[in-house]
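Lettering follows sequence order; numbering is per chain, from 1. In this text, all values refer to a predicted model and were calculated from it rather than measured experimentally.
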Amino acid sequence: MKSRFTALKGVADVLPPETGLWRKILNTAGLVMSAYGYEEIIPPVIEQTELFLRSIGDSSDIVSKEMYTFTDKGGRSVSLRPEGTASIVRAYVEHNLPARPAPQKFFYSGPMFRYERPQKGRQRQFYQLGAECFGIADPAVDAEMITMVMAILGRLGLKGLSLELNSIGCKQCRPAFRERLREFFTPRLSELCPDCQRRYEQNPLRILDCKVERCGEIRKDAPLISETLCQDCRDHFASLVGFLEALGTPHVFNPHMVRGLDYYTRTVFEVKGDAGLGAQNAVAAGGRYDLLVSEFGGPETPAIGFAAGMERLAGLLRQEAAAPGPALFIASLGAEAATEALKLATRLRDGGTRVELGWGGFSLKSQLRRADKINAGSVVIIGEDELKSGKFKWKNLKDGSSGEAGREEILKQFSRAE
RNA sequence: GUGGGCGUAGCUCAAUUGGCAGAGCACUGGACUGUGGCUCCAGUGGUUGUGGGUUCAAUCCCCAUCGCCCACCCCA
């Protein structure tokens with residue numbers, strides 16, 4: 001710990017080879033999402049604070065105590081985004097995108113900020129990858145979005161995931177359910193854990209996924225949202241389940257699942273990983289939010305979205321193979337040979353071949369040792385003999401084959417064959 | 001914000017009752033004048049997270065502080 005500066009608490013550098021994994025995740029997700037008709041949108045990471053107050057709502061700690069909020073030099077209260085959806089919806093309304101034909105589909109990725117106590121799978125600056133679809137209320141869109149999320153995860157080779165599903169109703173039926181829930185817990189309020197007593201006031205739905213054992217027993221006979229949904233919500237959910245079954249997408253109905261953000265309506269879903277993620281085991285989650293666009297001043301527009309945590313995805317994709325090395329390593333002996341090596345390397349690099357050089361007057365042996373250490377595919381040796389004869393010695397470090405070849409031959413042989 | 005655990009070399013970890021800070025791996029070089037991997041040898045690398053205190057003496061005990069980890073809360 002002699003470094004003069006260290007990264008802030010809860011933020012982290014992503015180093016190679018981890019960065020390769022991140023790129024793979026983003027590329028794969030981008031590929032799948034464009035097949036589903038999504039286009040990238042790049043919103044700013046900073047917004048006026050009120051945007052998040054109005055979207056996420058005050059029943060969540062995100063807004064009340066986790067935002068990076070400050071006053072800028074113009075006296076405005078601004079915040080680093082704690083999640084992506086609010087910005088996308090703002091952009092959608094601000095640029096009058098509802099005027100374009102529905103559905104409008106966007107994906108995004110980038111850092112989010114929440115001032116939380118770090119733990120496994122949770123940091124203050126973390127990356128999310130997400131998508132939003134505007135303009136269609138049909139449950140087929142819910143099924144499509146969920147299928148797309150599962151397709152991304154599947155394409156990445158992730159196994160042991162479970163998709164959980166619920167409906168939390170709309171503005172007609174959810175308030176009624178909240179009240180029924182309160183009535184149910186009122187007589188046993190004193191038996192609930194302190195956190196749940198607070199939830200009772202703030203957001204009684206949250207009591208349903210409390211981890212305290214005693215609270216679990218108490219809520220055994222609590223009313224279920226699925227029994228309280230209005231007919232429209234009930235139909236919507238049934239239809240979604242039908243689509244998923246037709247698509248063969250495995251899913252689990254979890255009547256106790258509650259999402260944290262206030263703006264969700266009807267469909268909510270969560271994809272959980274199996275092992276290795278600790279307590280923060282949701283790799284992706286999302287839901288429908290049919291009211292948010294109009295709350296932001298746009299026309300009444302149904303919408304649905306999801307977000308996935310990059311760090312959690314990367315954590316699940318264990319780094320398997322050794323770091324790939326250069327296709328060719330050029331060892332040289334003497335100043336003249338070094339010049340020749342540099343010229344050769346530059347021509348190959350111009351053609352896209354990855355080449356490393358054995359710089360610096362080291363013995364041939366140490367240069368070759370280094371070529372081996374960095375996992376080079378082949379090595380070419382340039383010394384005085386080779387300069388005289390014009391024939392370079394080469395050796396394949398993988399299979400041990402070797403030979404001699406002229407410059408043009410070498411160029412041809414290593415010009416980005418693979 | 002709350003609770004618990006942990007800070008010794010780049011990494012993983014030792015260090016007896018409080019008594020000269022070590023090993024393996026990694027890195028660099030050599031043994032082997034221009035042919036890697038295996039082996040052997042050597043070398044580089046540390047104010048023991050930081051600041052105080054107790055003591056003849058602190059990696060070890062005490063206090064504070066910072067950082068990391070895990071869990072709660074919350075959530076991707």
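- Across all strands shown, nothing is found opposite B:U48 as a Watson-Crick or G-U wobble partner with both distances under 3.5 Å.
- Between A:K373 and B:U28, a side-chain N or O to OP1/OP2 separation shorter than 4.0 Å is present.
- Per the geometry, NZ belonging to A:K211 stands 4 Å off P belonging to B:C72, to the nearest Å.
- Nucleic acid contact for A:I62: sugar-phosphate only, since backbone atoms but no base atoms lie under 4.0 Å from a heavy atom of the residue.
- In this structure, A:R198 reaches the B:C74 phosphate: one of its side-chain N or O atoms is under 4.0 Å from OP1 or OP2.
- Base pairing annotation: B:A58 forms no Watson-Crick or G-U wobble pair, as no partner gives both donor-acceptor distances under 3.5 Å.
- In this structure, B:U16 forms no base pair with any nucleotide, since neither Watson-Crick nor G-U wobble geometry is met with both distances under 3.5 Å.
- Across all strands shown, A:Q280 has heavy atoms under 4.0 Å from base atoms, whether or not it also approaches the sugar-phosphate.
- The separation between A:E404 atom CD and B:G34 atom P is 19 Å, rounded to whole Å.
- Note: CG (A:N281) to P (B:A76) measures 12 Å, nearest angstrom.
- Partner assigned to B:C75 is none, using Watson-Crick or G-U wobble distances below 3.5 angstrom.
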Go through A:Y289 and A:Y263 one step at a time and tell me if the ring pair (Phe, Tyr, Trp, His ring centres under 6.0 Å) criterion holds.
CA-CA 6 Å; A:Y289 50 96; A:Y263 54 64; 5.5 Å; yes
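- Regarding contacts with the backbone of B:C70, a side-chain N or O of A:K120 is found under 4.0 angstrom from either OP1 or OP2.
- A:G121 comes within contact range of at least one nucleobase, with a heavy-atom separation under 4.0 Å.
- Using atom C1' as the reference point in both B:U47 and B:A58, the two lie 14 Å apart (nearest Å).
- The side chain of A:F126 sits closest to B:A76 out of B:C74, B:C72, B:A76.
- Taking atom CD of residue A:E311 and atom C1' of nucleotide B:A76, one finds them 9 Å apart after rounding to whole Å.
- Every residue was checked against the salt bridge (charged side-chain N to carboxylate O under 4.0 Å, His left out) condition with A:R369, not counting sequence neighbours, and none meets it.
- With B:C75, B:C73, B:U35 as the candidates, the nucleotide lying closest to the side chain of A:D195 is B:C73.
- Distance A:Q367 CD to B:C32 P: 20 Å, rounded to the nearest Å.
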Walk me through it: do A:R370 and A:E356 pass the test salt bridge (charged side-chain N to carboxylate O under 4.0 Å, His left out)?
CA-CA 10 Å; A:R370 205 160 89 223; A:E356 292 295 335; over 6 Å; no
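- Residues A:W22 and A:Y127 bring their aromatic ring centres within 6.0 Å.
- Between the side chain of A:K365 and the base of B:G30, no donor-acceptor pair of N or O atoms lies under 3.5 Å.
- Applying the 3.5 Å distance criterion, the base of B:G1 shares no donor-acceptor pair with the side chain of A:E66.
- Nucleotides B:G46 and B:A9 have their P atoms positioned 10 Å apart, rounded to a whole Å.
- Of the candidates B:A76, B:G34, B:G36, the closest approach to any side-chain atom of A:L397 belongs to B:G36.
- Atom CD in A:E386 sits 7.0 Å away from atom CD1 in A:I381 (nearest 0.5 Å).
- Under a 4.0 Å N-O distance rule, the pair A:R347/A:E408 qualifies as a salt bridge.
- To the nearest whole angstrom, the two C1' atoms, one in B:A76 and one in B:U2, are 23 Å apart.
- Between the side chain of A:R114 and the base of B:C74, no donor-acceptor pair under 3.5 Å is found.
- Exactly one residue among A:E144, A:E40, A:E39 makes a salt bridge (Lys or Arg N to Asp or Glu O under 4.0 Å) with A:K105. That residue is A:E144.
- If you check B:C68 for Watson-Crick or wobble pairing at under 3.5 angstrom, you find it paired to B:G5.
- For A:R369 and B:C40, the CZ to C1' distance is 12 Å, given to the nearest whole Å.
- A:S366 has a side-chain polar atom (N or O) that falls below the 4.0 Å cut-off from OP1 or OP2 of B:G29.
- Across all strands shown, B:G24 pairs with B:C11; the Watson-Crick or G-U wobble distances both stay below 3.5 Å.
- Side-chain atoms of A:R259 and base atoms of B:A76 include no donor and acceptor less than 3.5 Å apart.
- Across all strands shown, B:G37 has no partner, as no Watson-Crick or G-U wobble contact with both distances under 3.5 Å is found.
- Across all strands shown, A:A371 has no heavy atoms under 4.0 Å from either base or sugar-phosphate atoms.
- Side chain A:D372 to base B:G36: a donor-acceptor pair is found below 3.5 Å.
- The ring of A:Y92 has its center closer than 6.0 angstrom to the ring center of A:F134.
- Rounded to whole Å, the distance from CG on A:L208 to P on B:C75 is 14 Å.
- Across all strands, A:K9 comes closer than 4.0 Å only to sugar-phosphate atoms, never to a base (heavy-atom distances).
- A donor-acceptor contact under 3.5 Å is formed by the side chain of A:Q119 with the base of B:C73.
- A close approach under 4.0 Å does occur between a side-chain nitrogen or oxygen of A:R199 and OP1 or OP2 of B:C73.
- The interatomic distance linking A:R370 (CZ) with B:A26 (P) rounds to 18 Å, in whole Å.
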